[in-house]
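Read through the structure below, which is laid out as structure tokens, and then see the notes.
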Amino acid sequence: MSEEKKSLNFIEQIIEEDLTNGMKKENLRFRFPPEPNGYLHIGHTKAIGISFGLGEKYNAPVNLRFDDTNPAKEEQEYVDAIKKDVSWLGYQWENECYSSDYFQQLYDWAVQLIKDGKAYVDSQTSEEMAEQKGTPTEPGVASPYRDRTVEENLELFTKMKNGEFEEGEHVLRAKIDMASPNMLLRDPLMYRILKKSHHRTGNDWVIYPMYDWTHGESDYLEQISHSLCSLEFKPHRDLYNWFRDHVYEYSKSDFPLVPKQREFSRLNLSYTIMSKRKLLKLVEEGVVSGWDDPRMPTISGLRRRGYTPASIRNFIETVGVSKRENIIDVALLEFKIREDLNKNANRVMGVLNPVKLVITNYPEDKEEILIAENNPELDAGSREVPFSRELYIEREDFKEEANRKYFRLALGKEVRLKNAYIIKGESCVKDDDGNITEIHCTYDPLSKSGSGTEESKRKVKGTLHWVSKKHAVSAEVRVYDRLFSDEAPDGHKDKDFMEFLNPDSLKVINAFVEPSLVNSKIGERFQFQRLGYFNVDDDATKEHLVFNKTVGLRDTWAKVNK
RNA sequence: AAACCUGUGAUGUAAUGGUUAGCAUACAAGACUUUGACUCUUGUUGUAUAGGUUCAAAUCCUGUCAGGUUUACCA
């Protein structure tokens, strides 16, 4: 535990600096502010990890705030899903907040701004306003309504609030600077009329505050010390500060602390997309089965896929925080889940691509119960696995002839059956098309695993997993591949991300697994030895087992074999 | 040719002017192995570029180049 050696990321450095400049540690407060218009994805876990991580590090409160200022897109379903996902990741929020709870306060402040000549009602169309806005290189021009009197503005704004106008007739704008090089400062909108029911406030309001007017003030009301967001909000910072500084003048006695916005780069993962809008499209077009499809980069998808909260948190930790654009190799995420599951998942045997193996010198009616260790990494005990004359092994684990690089079963070659005996390939049976239907072998009765005999200690190069044919339990196994075939599916200007969909991202297999798995529970995770990590899918029932392949084991042989 | 932000191996990040630029992943070679896994050992690749300041620059300054962001009644 060398605390002093651990380096700080740039946000931690800012906080440390604020602390040395006199900010009290008790005043540290953070927030995670999702809009409830979709499910959380792996990209959000970075933001979650940063703010909640800071909360843990400084023992400071972190609010979960729903940024719900657009009734057209937000739904309770998403609120529930977001809360579930954040909790599942293992974070606890101090307060559950809603921007919509601040609508009245925001309105009151807006009225004050109008009275101070800092805001006005504009009555042009959005097209007209867009035209006046100018471009980054040319200044904008003032709206003809910019100099309305305070009285007129007040009257119009009140009528807007009272629902006396239709959508689009008027908006409230902050009066800042139409010539600012920062386009966001060219009299940004504060309110628009939206005659839609809100998931929390119902029909109480027909004017809704815009993001910029809402977000910073919500931070201020909650007395957030550091408001952390992603880089695309950097240009908003000037506006954040403008609003904040005015509101502070109105309310500093009640709310003395001034929040500070800082920006970090968002997370991008290779071979996937991270846009809610695009993920929604995958769901709506039925490309995936839902937001929690195991191929989705959503938290709910990863959860269903078999990822653990710890693996995701470790991943985020390793990725770090900076201000540069990045694409993180999905291999790192896979490493993190393997690392966790290798340590914690019990080992079992299952055969995904079965071929029959007959041990010709094993007695017809004999059955044995063999002992198999659950997890060599842990003291996780052992289980019983039935063994008999006829087994299933993987089709890839047998070749009639093989070179010395091939460690598996071949005619005349020996391998060990995991937890069982050493066998030797003798012959195989083929159908009319030349496909192998049955493999015949002989076994060495003295080589039984753990028996302590000389024969049992013999080294053979290969070890195969297997399932006793008579005792095998059939199971549906869903094998996933990446959803997109391109490293950056939405990184092409000339091509739509849908063009890169991988048609083979899901394969459904009928497999045979060892009988101990009939008692497995939904969500339970296992290592299928030599194959990978699998978990029990939500669709599984007692009668019909369903497994998801979380991730394969690292496979050096597959690389050599290519 | 606007403003702002960002450039460190393949990827991500560290070094906060001061030893051979560290760590993780990835990749490669080997050891071990009743999982071709895990673990262990070893190895390859890097400070965008040109100047400047300094005894000393990845770090500070200037130019160049490259990438990103901003022109929603979305957040």
Side-chain angles (χ1 to χ4, degrees), chain A residues 6-10 13 33-35 37 67-70 72-74 99 122 125-126 129-130 133-138 140 167-173 180-184 186 189-194 207-208 210-212 214-215 229 231-238 263 265 267 270 276-277 318-336 338-339 342-343 347 349 372-373 376-377 405-408 415-420 422 447 449-450 456-465 527-532 552-561:
Chain A
K6 214 185 162 207
S7 58
L8 302 175
N9 66 47
F10 81 97
Q13 287 174 30
E35 182 188 11
N37 69 341
D67 222 340
D68 55 350
T69 61
N70 186 352
K73 295 203 293 183
E74 294 147 10
S99 295
D122 200 339
T125 64
S126 59
M129 282 186 269
K133 201 135 200 185
T135 69
T137 48
E138 314 155 37
E167 290 188 13
E169 280 190 63
H170 305 282
V171 294
L172 186 73
R173 288 227 254 173
S180 171
N182 184 342
M183 302 284 291
L184 286 156
R186 322 249 260 226
L189 261 58
M190 292 174 67
Y191 279 93
R192 77 284 213 194
I193 298 169
L194 245 30
I207 55 171
Y208 288 91
M210 301 289 288
Y211 165 82
D212 287 295
T214 310
H215 194 95
C229 59
L231 235 34
E232 64 266 33
F233 291 101
K234 177 73 213 297
H236 293 249
R237 190 150 115 194
D238 291 337
E263 311 82 12
S265 60
L267 171 75
S270 63
K276 272 194 218 172
R277 207 191 80 241
T318 302
V319 159
V321 182
S322 74
K323 293 171 85 161
R324 42 175 149 155
E325 296 295 317
N326 58 76
I327 299 181
I328 287 143
D329 193 340
V330 69
L332 182 62
L333 218 211
E334 294 176 346
F335 168 78
K336 290 295 180 183
R338 284 194 196 104
E339 183 184 44
N342 175 57
K343 186 92 171 65
R347 267 114 251 232
M349 292 193 286
E373 192 180 10
E377 303 285 320
K405 286 277 214 182
Y406 189 80
F407 301 161
R408 286 111 107 131
V415 294
R416 174 171 289 281
L417 293 174
K418 180 80 184 168
N419 304 312
I422 293 173
S447 64
S449 290
S456 73
K457 291 175 186 161
R458 276 174 57 213
K459 303 284 179 200
V460 288
K461 195 62 186 167
T463 300
L464 308 186
H465 61 278
Q527 184 196 89
F528 285 17
Q529 283 185 308
R530 300 212 303 136
L531 295 176
L553 254 29
R554 202 161 154 262
D555 192 349
T556 313
W557 169 245
K559 284 177 198 162
V560 174
N561 207 16

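Lettering of chains follows the sequences in order, A, B, ..., and the numbering in each one begins at 1.
- Taking 4.0 angstrom as the limit, T318(A) places none of its side-chain polar atoms (N or O) nearer than this to OP1 or OP2 of A24(B).
- A distance of about 14 Å separates the P atoms of A21(B) and U59(B), rounded to the whole Å.
- Separating the C1' atom of C65(B) from that of A48(B) is a span of 7 Å, rounded to the nearest Å.
- Between the C1' atoms of G12(B) and A26(B), the separation comes to 11 Å (whole Å).
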* Pairing string, 5' to 3', for RNA chain B - Watson-Crick or wobble contacts under 3.5 Å, brackets [ ] where pairs cross, | to another strand -> .((((((..((((....[...)))).(((((.......)))))....(((((..]....))))))))))).....
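- Between the C1' atoms of C73(B) and G7(B), the separation comes to 37 Å (whole Å).
- Here K461(A) contributes atom NZ and K405(A) contributes atom NZ; the two are 10.0 Å apart, rounded to the nearest 0.5 Å.
- Straight-line distance between the C1' atoms of U35(B) and U42(B): roughly 24 Å, to the nearest whole Å.
- When side chains are defined from C-beta on, F407(A) does not count as touching V415(A), because their heavy atoms never get closer than 4.5 Å.
- Residues satisfying the salt bridge (charged side-chain N to carboxylate O under 4.0 Å, His left out) test with E377(A), not counting sequence neighbours, are none.
- Counting to the nearest Å, the P atom of A26(B) and the CG atom of L333(A) are 12 Å from each other.
- I327(A) contributes atom CD1, which lies 7.5 Å from atom OG of S270(A) (distance to the nearest 0.5 angstrom).
- Taking the salt bridge (charged side-chain N to carboxylate O under 4.0 Å, His left out) definition, one finds that E373(A) meets it with nothing, sequence neighbours left out.
- Rounded to whole Å, the C1' atom of G46(B) lies 14 Å from the corresponding atom of C23(B).
- Distance check on atom P: A24(B) versus G67(B) gives 33 Å, rounded to whole Å.
- From N70(A), atom CG reaches atom CG of N37(A) across 8.5 Å, with rounding to the nearest 0.5 Å.
- Residues D67(A) and S99(A) bring a donor and an acceptor atom of their side chains to less than 3.5 Å of each other.
- E339(A) meets the salt bridge (charged side-chain N to carboxylate O under 4.0 Å, His left out) test with K336(A); sequence neighbours excluded.
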* What one-letter contact string describes nucleotides 30-42 of chain B from 5' to 3', where B marks a base within less than 4.0 Å of any protein heavy atom, S marks contact via sugar-phosphate atoms alone, and - marks no contact? -> ---BBBBSS----
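- Here the straight-line distance linking atom CG of L553(A) with atom CZ of R530(A) works out to 10.0 Å at 0.5 Å rounding.
- No engagement by L464(A) is indicated, since no non-hydrogen atom pair under 4.0 Å with the nucleic acid exists.
- Between the CG atom of N326(A) and the C1' atom of U25(B) there is a distance of 14 Å, rounded to whole Å.
- Taking CD of Q529(A) as the start and CE of M349(A) as the end, the distance is 6.5 Å to the nearest 0.5 Å.
- U25(B) atom P lies 12 Å from atom CG of D329(A), rounded to whole Å.
- Between A58(B) and U19(B), the distance separating the two P atoms is 10 Å to the nearest Å.
- Taking OG1 of T214(A) as the start and OH of Y191(A) as the end, the distance is 7.0 Å to the nearest 0.5 Å.
- Residue V171(A) forms a side-chain contact (heavy atoms from CB on, under 4.5 Å) with just one option from I207(A), L189(A), I193(A), and that option is L189(A).
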* Structure fact -> In B/S/- notation (B base, S sugar-phosphate only, - none; protein heavy atoms under 4.0 Å), nucleotides 64-75 of chain B written 5' to 3' is ----SSSB-BBB
